[in-house]
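Owing to the predicted nature of the structure, the values given are computational and were not obtained by experimental measurement.
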Amino acid sequence: MRARPSRDDAHRTLTWDQNREIAGWKAITAPTSMPVYLCKHRSPWQRGTSENINPLLRQYLPKNADLRRFSQDDLDAIANELNHRPRKIHGYRNPAEVYADHVNSGGAPD
């Protein structure tokens, strides 16, 4: 039987699409001990909801935006808004609710 995931377990992996940012995967793995998994080319099911979140992120962070112009507080506010925004893919629940349900149930979210 699989152990129930904790909040920490949910933050132990990262999955990236096949874009140029993958060149920096070692910079994430080394200090965090977080494995990075790379999605296979033409395998959108491996990317979860990233295809849905990209247009939402562009509302706050235009493509090629210099992220150095944003403070950590700015980025945290964007993340908070996106994490509490209802999504069709989640049955109009927000990602924070889906995540909490997943962590608290020990199983896959609805």
Side-chain angles (χ1 to χ4, degrees):
M1 186 164 132
R2 189 169 175 207
R4 181 176 170 175
S6 70
R7 289 185 189 275
D8 292 334
D9 290 336
H11 293 91
R12 291 195 176 157
T13 66
L14 177 66
T15 304
W16 259 334
D17 198 353
Q18 294 283 351
N19 289 324
R20 58 185 172 177
E21 72 270 7
I22 66 172
W25 70 271
K26 288 181 183 178
I28 296 291
T29 299
T32 64
S33 299
M34 181 187 302
V36 173
Y37 297 94
L38 304 176
C39 298
K40 292 180 182 170
H41 187 61
R42 295 195 174 112
S43 300
W45 58 89
Q46 294 179 348
R47 294 192 291 270
T49 60
S50 68
E51 297 300 308
N52 297 319
I53 193 73
N54 288 341
L56 299 177
L57 278 169
R58 295 288 174 237
Q59 294 175 6
Y60 301 92
L61 305 168
K63 192 167 189 156
N64 299 318
D66 183 355
L67 296 181
R68 294 173 293 190
R69 294 182 37 224
F70 296 90
S71 70
Q72 186 61 55
D73 287 342
D74 294 334
L75 298 174
D76 289 346
I78 292 167
N80 188 56
E81 281 191 40
L82 290 173
N83 287 332
H84 290 87
R85 182 177 178 166
R87 308 265 173 77
K88 182 178 179 182
I89 195 167
H90 297 311
Y92 296 99
R93 294 183 303 155
N94 67 51
E97 293 168 327
V98 173
Y99 175 73
D101 288 350
H102 178 69
V103 168
N104 293 327
S105 73
D110 302 341

Inset, instruction - Would you confirm whether Asp74, through its side chain, and Ser71, through its main-chain N or O, come within 3.5 Å as a donor-acceptor pair? - result: yes
Inset, instruction - Flag the pair Arg93 / Asp101 as yes when at least one side-chain heavy-atom distance between them is below 4.5 Å, and no otherwise. - result: yes
Inset, instruction - Could you pull out the closest heavy-atom pair between Arg85 and Pro95, with the gap in Å? - result: O-CD, 3.3 Å
Inset, instruction - List in chain and number order the residues that pass side chain to side chain donor-acceptor pair (under 3.5 Å) with Arg68, two or more places apart in sequence or in another chain; answer none if no residue qualifies. - result: Asp66
Inset, instruction - In sequence, state the C-alpha distance, the side-chain angles, and the governing distance for Arg87 and Leu82, and then conclude on side-chain contact (heavy atoms from CB on, under 4.5 Å). - result: CA-CA 10 Å; Arg87 308 265 173 77; Leu82 290 173; 3.8 Å; yes
Legend entry - Heavy-atom side-chain contact between Gln59 and Ile78 under 4.5 Å: no
Legend entry - Shortest non-hydrogen contact from Tyr92 toward Pro86: O-CB, 3.4 Å
Inset, instruction - Look at the side chain of Glu97 and the backbone N and O of Asn94, then say whether any donor-acceptor pair between them is shorter than 3.5 Å. - result: yes
Inset, instruction - Only counting residues at least two apart or in another chain, list the ones meeting side chain to side chain contact (heavy atoms under 4.5 Å, CB included) with Ala79. - result: Asn83
